[in-house]
Participant: 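Okay, here's the structure, questions in a sec.
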Amino acid sequence: MDRVFNFSAGPAALPTPVLERAQSEMLDYQGTGMSVMEMSHRSKAFVEIAEQAQADLIELLVVPDDYQVLFLQGGATTQFAMVPLNLLGDKNTADYVNTGSWSAKAIKEASRFCEVNVVASSQESNFDHVPDPSTWQLNEDAAYLHICSNETIGGVQFHEFPVTASQPLVADMSSDILSRPIDISSCGIIYAGAQKNIGPAGLTVVIVRKDLLGNARPGTPSMLDYAVHAKVDSMSNTPPTYAWYLSGLVFRWLKDLGGLEAMAEINQRKAMKLYNAIDQSNFYHSPVAAQDRSWMNIPFTLPEPALDAAFLSGAEAAGLTNLKGHRSVGGMRASVYNAVPEAAVDALIDFMQSFENERG
Ligand SMILES: Cc1ncc(COP(=O)(O)O)c(C=O)c1O
């Protein structure tokens, strides 16, 4: 069996030991005589899986007691609406930082529910950096401040979270959750679609400070009310059981690896290797300001777009797949999430150098 080096932005590579474990438990999960996919979400076996996954996630992220972890559906995109519906209360404005495509989508959706203040934007320079927090025009009346901690398409990352005075910080961490330790208490809400660093698509993790529960706008559908899910441990309807189970296996894999400090060290090393290779060549170019470059999504361009197709087909032949940049940006993008091994980055750098030698 040959597994490629998969640089997909999402759904993305999963750790091979996790897939092997799932394979070994596929037909008969620990003597139950059935697959996890086939069991009731209320069964003892599944409730244990769910609780263990939740406990492991809390341990990995060091989630304080005054926060609730929710396992939901609807993707991060549903959070673009759930956040305003649950946090606005009697306020009618919210602050957003615009660092790229995903911030912009969150802003567009929130605008359906309230007045959005874009407190800072890097749009004018084609979203190549995080605007300096000292320049942000925060609004005293805003119910919260929203950031996208890692722009999956543009490859721009907040390496430090901003500090807010009174309003809760909300972070879309879809593409960098679990990539490094973070201070959960600096945020009111963190949310993430699972399909990058957590597990398969279909699950959305939300970490919410408990004092923010219970304020959903009148008329909010109950499935969009955090408090409804919090009250019943995310089992108010049938949850995405298999995605929850697989995510639990990923959490255990991360713990075995040494947790998020160890993961961060590996991620930083992987990213720096690739950025150094890009910066040291006169052939490849990174469009992102050095201090805000993502450790997870690394876009780069070739001297001419006409070379892109040859690069991609050569890479594919070398077992390096899903390197095409997002259609809105062009060029290449290497997504190097937790499950992408360092050997994949080494192989990509080798390929880039030989392509440059041939075509440069
Ligand atoms: C940063 C970010 N936010 C939100 C989303 C949307 O996630 P979903 O497809 O789970 O709704 C994505 C998807 O790639 C993303 O990368």
Side-chain angles (χ1 to χ4, degrees), residues 6-14 70-85 94 96-112 116 121-123 127-130 144-159 161 169-180 182 187 189-207 223-224 226 229 234 239-240 242-244 246-247 250 267 288 292-299 322-329 333-340:
N6 180 5
F7 296 94
S8 170
L14 285 162
L70 304 175
F71 289 81
L72 307 181
Q73 302 183 63
T77 305
T78 300
Q79 295 309 307
F80 296 164
M82 274 178 91
V83 166
L85 282 170
Y96 279 70
V97 180
N98 185 7
T99 48
S101 309
W102 290 109
S103 301
K105 289 199 182 192
I107 288 167
K108 187 167 177 222
E109 187 70 1
S111 304
R112 294 163 53 88
V116 170
S121 168
S122 51
Q123 186 161 15
F127 298 120
D128 65 350
H129 70 286
V130 175
Y144 59 89
L145 168 67
H146 181 282
I147 62 167
C148 174
S149 60
N150 185 68
E151 287 283 355
T152 319
I153 293 173
V156 169
Q157 185 171 26
F158 281 80
H159 289 291
F161 280 8
L169 178 66
V170 177
D172 174 0
M173 293 199 75
S174 292
S175 50
D176 66 348
I177 194 165
L178 294 172
S179 64
R180 59 189 164 133
I182 46 159
C187 296
I189 293 184
I190 287 170
Y191 64 86
Q195 62 273 18
K196 297 146 198 315
N197 263 346
I198 296 176
L203 178 73
T204 313
V205 167
V206 178
I207 303 168
M223 284 300 286
L224 300 186
Y226 293 131
H229 296 286
S234 310
Y242 200 74
W244 193 329
L246 259 180
S247 301
V250 172
N267 284 332
V288 181
D292 300 322
R293 287 175 176 175
S294 169
W295 290 3
M296 295 283 102
N297 308 98
I298 304 184
N322 286 319
L323 284 162
K324 192 173 182 350
H326 190 269
R327 59 189 180 279
S328 65
V329 176
R333 172 179 48 172
S335 295
V336 288
Y337 298 122
N338 289 351
V340 175

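Just follow the structure's listing: the first ligand is 1, and inside any ligand the first atom is 1.
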Participant: Could you tell me whether the side chain of H229 and the main chain of F71 form a donor-acceptor pair under 3.5 Å?
Facilitator: no
Participant: So for M173, does at least one of its heavy atoms come nearer than 4.0 angstrom to any atom of ligand 1?
Facilitator: no
Participant: Among all protein heavy atoms in this structure, tell me which lies nearest to atom 16 (O) of ligand 1, with the distance rounded to 0.1 Å.
Facilitator: T152 OG1, 2.5 Å
Participant: Could you check whether Y337 and N267, counting side-chain N and O atoms only, form a donor-acceptor pair closer than 3.5 Å?
Facilitator: no
Participant: Students should be able to answer this: which protein heavy-atom is nearest to atom 9 (O) of ligand 1, and at what distance?
Facilitator: Q195 NE2, 3.4 Å
Participant: Heavy atoms only: give me the nearest R293-V288 pair and the separation to one decimal.
Facilitator: NE-O, 3.0 Å
Participant: Centres of the Y144 and Y96 rings: under 6.0 Å?
Facilitator: yes
Participant: Aromatic rings Y191 and F80: how do their planes relate, parallel, tilted or perpendicular, breaks at 30° and 60°?
Facilitator: perpendicular
Participant: So is C148 in contact with ligand 1, going by heavy-atom distances below 4.0 Å?
Facilitator: yes
Participant: Sequence neighbours left out, cut at 3.5 Å: what donor-acceptor pairs do the side chains of residues 196-206 make with other protein atoms?
Facilitator:
{"from": "K196", "atom 1": "NZ", "to": "A9", "atom 2": "O", "distance (Å)": "3.0"}
{"from": "N197", "atom 1": "OD1", "to": "N338", "atom 2": "N", "distance (Å)": "2.9"}
{"from": "N197", "atom 1": "ND2", "to": "I177", "atom 2": "O", "distance (Å)": "3.0"}
{"from": "T204", "atom 1": "OG1", "to": "G75", "atom 2": "N", "distance (Å)": "3.0"}

Participant: When you measure from atom 13 (C) of ligand 1 to every protein heavy atom, which one gives the shortest distance, and what is it?
Facilitator: W102 CZ2, 3.3 Å
Participant: Identify, for atom 3 (N) of ligand 1, the protein heavy atom at the shortest distance, and state residue, atom and that distance.
Facilitator: D172 OD2, 2.6 Å
Participant: Are T204 and ligand 1 in contact, using a heavy-atom cut-off of under 4.0 Å?
Facilitator: no
Participant: What's the shortest distance from atom 14 (O) of ligand 1 to any protein heavy atom, and which residue and atom give it?
Facilitator: K196 NZ, 2.8 Å
Participant: Going by the atom numbers of ligand 1, which of them fall below 4.0 Å from some non-hydrogen atom of S174?
Facilitator: 1 (C), 2 (C), 3 (N), 4 (C), 15 (C)
Participant: Which pairs with one or both residues in residues 70-85 pass side chain to side chain donor-acceptor pair (under 3.5 Å), sequence neighbours excluded?
Facilitator: Q79-Y226
